[in-house]
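Scroll down for the structure; my scribbles are underneath it.
All ligand and atom numbering here is 1-based and tracks the order in the structure.
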Amino acid sequence: MTTITLQDVEQLVLDVRHELVEWRRYFHANPELSFQERHTSQFVYDTLASLPNLELSRPTATSVMARLKGTGPGLVLALRADMDALPIHEENTFPFASQQDGVMHACGHDGHTAMLLATAKILSQMTAQFSGEVRFLFQHAEELFPGGAKEMVEAGVLDGVHRVLGIHLWAPLQVGKIGIRTGALLAAPDRFVIRIVGAGGHAAQPHLTVDSIAVAAQVVTNLQHVVARTVDPLDAMVLSITQIHGGTADNIIPGSVELRGTVRTFTSELRAQAPLTMERVIRGVTEAHGATYEFSYENGYRAVVNDEATTERLRKILTEGFGAEVVEEGVPTMGGEDFSAYQDKVPGTFFFVGAGNEAKGIVYPHHHPRFTVDEAALPIGVKSFVLAVLGFLNECE
Ligand code: NI
């Protein structure tokens, strides 16, 4: 194998920079919702088909996989990008704003797709520089449970894979920084529905009813104790009630009230405990007031937990490639990500590439109608992926 220098990699990234930004803007202008990424995945497929040495397939209707073999046997490293947009009406007014009314790339997945395409373009011409295989996973439907990652894993995209890496462009992190962390990075986003069942009646005769609204209010209040008083303050958990539905008129006490919300946890212990503690509270409060309840609880994605060996190896590669001042300790958040479906199968690391820029007014949070990324983040993501491939696939294991 010929040696490739850091300067060579930086030049290759520079060479692809124009196309990289063009691709991102194209995806941004043409967003598609989860499980509907037909046009996006076709564009990805066609672009990859124009590159040398890639073996393409369609694991599902709207996803694409590309395999790139290096020189001789070695590890198989998978790189993942998600491609779907969100049901949000874009309020940005730049020329490449969404052309699909009510659909928007408000999470940066347009950038993820462009970065992985650019990475494939660079590496497709460098097969003499690594052994083993790089597997590019262009995944559909990250935003909508049960998520595309699970379907791709079931379709066998990780068969033979040793490690998996994924990037999220991250607005809370300033451009020029990379956030990486061993252990829990993103939470398990679970959700619940509670129905408080009382006995409806005339608002002027509450004593003849079981007031589901008054009981629901007690349930909401008491559920706050679950986090505040049953969880170790050093562990993280969120319990948010986000919807209350009940009642039809000023003079009617409704027979039932529906509460909905989400629970976020990092550990499987807390995750398993949460619905049990919640139900104990709901049962006690409703019983105390003569009401009954229905409670359903649905597990979402598992928490994104980064493998230690993969993460520390990647941290070393990125620190050597970017400098210690660029690579920071990643800050965990209670958001969710279906990257965890890959980590269920093989060790993997999900990391943040800073995409916010206060000086440029790029300050809006993910999923906001004015969300965008600083495009200077895109080459950083590409360089990270290329360095990771060269680092992981040239190591002996
Ligand atoms: Ni996202």
Side-chain angles (χ1 to χ4, degrees), residues 23-24 27-28 30-37 40-41 44 62-63 79-88 90 92 98 100 103-117 137-152 164-173 175 177-181 184-191 262 264 266 300-306 330-343 348-356 362-375 377-378 380-382 384-385:
W23 284 332
R24 182 259 163 167
F27 294 131
H28 193 89
N30 299 282
E32 291 175 301
L33 292 174
S34 311
F35 296 103
Q36 300 172 34
E37 308 89 342
T40 306
S41 61
V44 166
T62 59
S63 63
L79 307 176
R80 176 269 207 166
D82 43 5
M83 303 189 289
D84 55 330
L86 286 156
I88 295 176
E90 177 153 15
N92 289 314
S98 173
Q100 300 297 324
V103 186
M104 176 188 175
H105 268 296
C107 198
H109 300 187
D110 47 345
H112 302 168
T113 311
M115 291 191 304
L116 195 57
L117 265 185
L137 308 179
F138 292 89
Q139 182 207 312
H140 60 303
E142 188 282 320
E143 299 283 5
L144 192 61
F145 187 78
K150 189 171 172 284
E151 287 189 345
M152 293 197 54
V164 58
L165 305 178
I167 289 176
H168 211 302
L169 290 168
W170 206 238
L173 188 63
V175 70
K177 298 285 185 187
I178 293 172
I180 183 166
R181 178 176 207 271
L185 185 69
L186 294 159
D190 301 332
R191 49 189 199 168
T262 182
R264 308 288 172 114
F266 285 128
Y301 303 146
R302 297 177 63 142
V304 170
V305 180
N306 288 331
V331 179
T333 88
M334 301 307 274
E337 239 283 354
D338 77 346
F339 187 78
S340 52
Y342 302 109
Q343 292 177 317
T349 299
F350 194 64
F351 62 105
F352 295 143
V353 169
I362 300 173
V363 295
Y364 294 95
H366 290 261
H367 297 206
H368 188 282
R370 294 191 65 187
F371 174 83
T372 191
V373 298
D374 188 329
E375 286 173 336
L378 302 174
I380 296 173
V382 175
S384 303
F385 269 155

Once rounded to the nearest 0.5 Å, what's the spacing between atom CZ of Arg24 and atom NE2 of His112? 10.5 Å
State whether the number of non-hydrogen atoms from other residues, nucleotides or ligands found under 6.0 Å of Arg181 atom CZ is greater than 12. yes
Interatomic distance, Glu143 atom CD to Leu33 atom CG [nearest 0.5 angstrom]: 10.0 Å
Restricting His168 to its N/O/S atoms, the closest one to the Ni ion (ligand 1) is NE2
Within less than 2.8 Å of the Ni ion (ligand 1), any N, O or S from His109? yes
I need the minimum non-hydrogen distance between Leu116 and Leu137, along with the two atoms involved. CD2-O, 3.5 Å
Using 2.8 Å as a strict upper limit, say whether an N, O or S atom of His366 approaches the Ni ion (ligand 1) that closely. no
